[in-house]
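For reference, the structure discussed in these notes is given below.
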Protein chains: 2
Amino acid sequence: MTKGTEPPYLRIVSAIRDRIARGELRPGDRVPSTRSITREWGVAMATATKALAELRREGLVEARRGAGTVVSAPPQPPPDRPAEPALTLQRIVATAVAAADAEGTKAVSMRRIAAELGVGPMSLYRHVASKDELVREMMRVAFLERPLPEPGPPGWRAKLELVCRTQWELYLRHPWLASAVSMTRPQLVPEAMAHTEWTLRALDGLGLDPDEIAREALTLPSMVRGLALSRESEAEAEEATGVGAEQWWRSLDDQVRALYATGRFPMLAGLDSEIVDDIDGLFEHALTRNLDGLQARLEHGTAPARRP
Amino acid sequence: MTKGTEPPYLRIVSAIRDRIARGELRPGDRVPSTRSITREWGVAMATATKALAELRREGLVEARRGAGTVVSAPPQPPPDRPAEPALTLQRIVATAVAAADAEGTKAVSMRRIAAELGVGPMSLYRHVASKDELVREMMRVAFLERPLPEPGPPGWRAKLELVCRTQWELYLRHPWLASAVSMTRPQLVPEAMAHTEWTLRALDGLGLDPDEIAREALTLPSMVRGLALSRESEAEAEEATGVGAEQWWRSLDDQVRALYATGRFPMLAGLDSEIVDDIDGLFEHALTRNLDGLQARLEHGTAPARRP
DNA sequence: ACCTGAACACCGTTCAAGT
DNA sequence: ACCTGAACACCGTTCAAGT
């Protein structure tokens with residue numbers, strides 16, 4: 001029997017654990033949210049959050065982006081699959097990509113990936129010289145997912161839109177990729193170099209001199225990345241505080257409201273949050289501006305007259 | 001007397017240590033580079049690198065960006081300054097900013113900053129709730145360094161150029177700032193919000209609808225940041241491998257050359273490295289493209305006709 | 001009550017011991 | 001020789017013991 005002094009959050013933990021054990025909650029099912037825990041057990045938000053955190057720590061449940069907290073799949077039954085497949089670079093990288101996709105960059109640690117593969121941390125180093133190299137390999141497989149077509153659509157504008165949108169989609173699909181790219185010397189990832197090469201080719205023969213072509217090809221992807229990074233930080237913040245921590249967002253809201261109330265930011269306060277959150281809309285806006293700028297440059301042979 | 005089995009790099013370490021002790025090399029003086037060590041002692045590059053790394057580890061010398069490796073200032077003599085000034089948020093943040101400016105983001109750890117201030121790691125938490133909050137405070141003081149003028153120069157173009165260039169300079173001056181900004185929810189740094197507010201105001205009254213104004217104001221700084229981040233990673237890479245590790249760059253060069261030799265990247269191979277390295281040139285290019293795009297939008301009332 | 005050292009639960013990687 | 005566990009030198013932060 002449980003002692004009377006058992007902390008309340010542990011009571012909730014065992015209750016939910018029981019539901020899972022009895023099969024009331026099956027793998028993939030949503031576990032009660034923090035909000036509904038506060039109602040069901042009459043506890044504070046902090047207690048509910050702590051209970052879910054404990055279940056997560058035990059591996060019984062996991063936060064799934066956009067779907068709340070769900071029951072985890074039970075650990076692989078080893079009898080079924082007779083021998084572990086050999087440890088290969090491919091398997092390591094795939095495991096790392098899956099972890100990063102689901103939980104962000106900070107989920108990729110040598111020790112964690114090794115544990116997930118059932119080997120000691122040092123075994124990874126037979127296939128990869130360092131964590132940096134692992135990240136580089138992750139980038140390679142990501143870029144390989146969406147090869148650029150050859151020769152691509154006709155016209156420079158369609159071509160540039162295509163590379164940029166391809167990169168944008170890669171960044172959205174892999175919320176760790178943008179920061180990985182900006183932390184790595186591109187020269188070390190041939191698949192990223194291929195994008196630059198493709199872009200340089202798209203800009204060739206338009207009458208721009210080589211310097212301008214180079215600057216264009218280096219500048220455009222950096223804009224895409226910049227925007228993708230803003231999105232990544234949002235996602236990481238959500239992940240870090242756990243899906244159920246509405247509390248945290250509430251307090252953030254309060255802070256922001258307080259700041260707006262000072263009257264220092266009248267324009268910001270009037271901003272439509274739908275526009276701010278429409279990240280694809282922001283991307284298309286930025287892309288249009290850049291390509292319109294280039295188009296003006298191509299039409300006038302020089303920048304349009306300054307008329308402030 | 002030293003044993004005959006003493007590793008060669010330690011011989012070099014003691015030699016340089018002696019020169020410092022005798023006052024031949026004074027604080028701020030440049031210590032021999034790896035290159036000149038290989039010549040002077042007739043050792044391999046790896047040995048020279050290791051020797052400098054050891055001296056760095058001992059705190060006798062430090063890598064100074066662009067100036068090679070120099071002799072460190074001796075530790076503060078405590079008798080001179082009678083009592084440590086009280087630990088304040090200001091002192092903590094200033095120490096953190098200095099560390100990050102000199103050695104990049106990863107130099108900022110709670111434990112390191114605490115040690116530098118001569119207190120236990122936990123003492124910082126009396127002034128700051130978490131490392132994230134410390135970073136946020138660092139951002140605040142950085143942004144405060146360059147306040148935006150009121151009302152600013154006449155004309156939207158001059159105004160937008162001013163905010164962008166101001167941010168750009170801040171990013172160059174503080175090579176940790178761009179990644180900090182992209183990792184933080186901007187709503188938590190009032191000084192960053194002030195920049196957005198200023199930008200929104202610069203775009204007001206030009207006949208753009210509020211949605212477009214919002215997108216413009218959010219999109220432009222993200223482009224600046226994207227470019228700044230590319231530069232940061234360069235700087236970090238240089239820092240990480242130590243100023244003297246020409247060896248590493250050489251091997252990188254070799255890899256790149258090998259890749260180019262495959263013929264997969266003819267355009268990239270022809271790129272002028274002066275253009276690639278001229279980061280300010282890239283920035284001005286991107287800024288021009290964006291503002292030209294906006295200008296075209298303002299002049300035509302809509303995007304210029306597509307003519308691919 | 002205020003302050004902070006010990007401890008916990010992590011890192012990436014070196015090194016040397018095991019086979 | 002190949003492989004990898006133990007160990008090192010770090011992290012940020014919780015917790016409880018000290019004042």
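Throughout, protein chains are lettered first and strands after them, A, B, ... in sequence-line order, and every chain is numbered starting at 1.
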> According to a 3.5 Å limit on both distances, what stems of 3 or more consecutive Watson-Crick or G-U pairs are formed with DNA chain C?
Replying inline: C:4-8 with D:12-16, C:12-16 with D:4-8

>> Roughly how many Å apart are dA9(C) and dA9(D), using the P atom of each and rounding to a whole number?
In response: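 Comparing P positions in dA9(D) and dA9(C) gives a spacing of 22 Å.
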
>> Measuring only the P atom in each nucleotide, how far is dA7(C) from dT19(D)? A whole number of Å is fine.
In response: 16 Å

> Can you check whether Val108(A)'s main-chain N or O pairs, donor with acceptor, with Lys131(A)'s side chain at less than 3.5 Å?
Replying inline: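 Confirmed, Lys131(A) side chain pairs with Val108(A) backbone.
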
>> Using modelled atom types and a 3.5 Å cut-off, is there a donor and acceptor pairing between side-chain atoms of Ser123(A) and backbone atoms of Val119(A)?
In response: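 No, because the side chain of Ser123(A) does not come within donor-acceptor range (under 3.5 Å) of the backbone of Val119(A).
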
> Is a side-chain donor-acceptor pair under 3.5 Å present for Arg225(A) with Ser230(B)?
Replying inline: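 Present: a donor and an acceptor within the cut-off.
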
> Side-chain donor-acceptor pair under 3.5 Å between His174(A) and Glu145(A), yes or no?
Replying inline: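 Short answer, yes.
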
> Arg126(A) has an atom CZ; how far is it from atom C1' of dG5(D), in whole Å?
Replying inline: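 Value for this atom pair: 14 Å.
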
>> So, OP1 or OP2 of dC3(D): does either fall under 4.0 Å of a side-chain N or O from Ser123(A)?
In response: no

Does the side chain of [Y] come within less than 4.5 Å of [X]'s, by heavy atoms?
X         : Y         : answer
Trp176(B) : Met139(B) : yes
Met110(B) : Val128(B) : yes
Glu103(A) : Arg112(A) : yes

> Do Glu133(B) and Arg140(B) pass the salt bridge (charged side-chain N to carboxylate O under 4.0 Å, His left out) test, and can you show the C-alpha distance, the side-chain angles, and the key distance before you say yes or no?
Replying inline: CA-CA 10 Å; Glu133(B) 194 180 303; Arg140(B) 298 186 62 173; over 6 Å; no

>> Please encode protein proximity along nucleotides 9-19 of chain D as a string of B, S and -, counting only heavy-atom distances under 4.0 Å.
In response: --BBBB-----

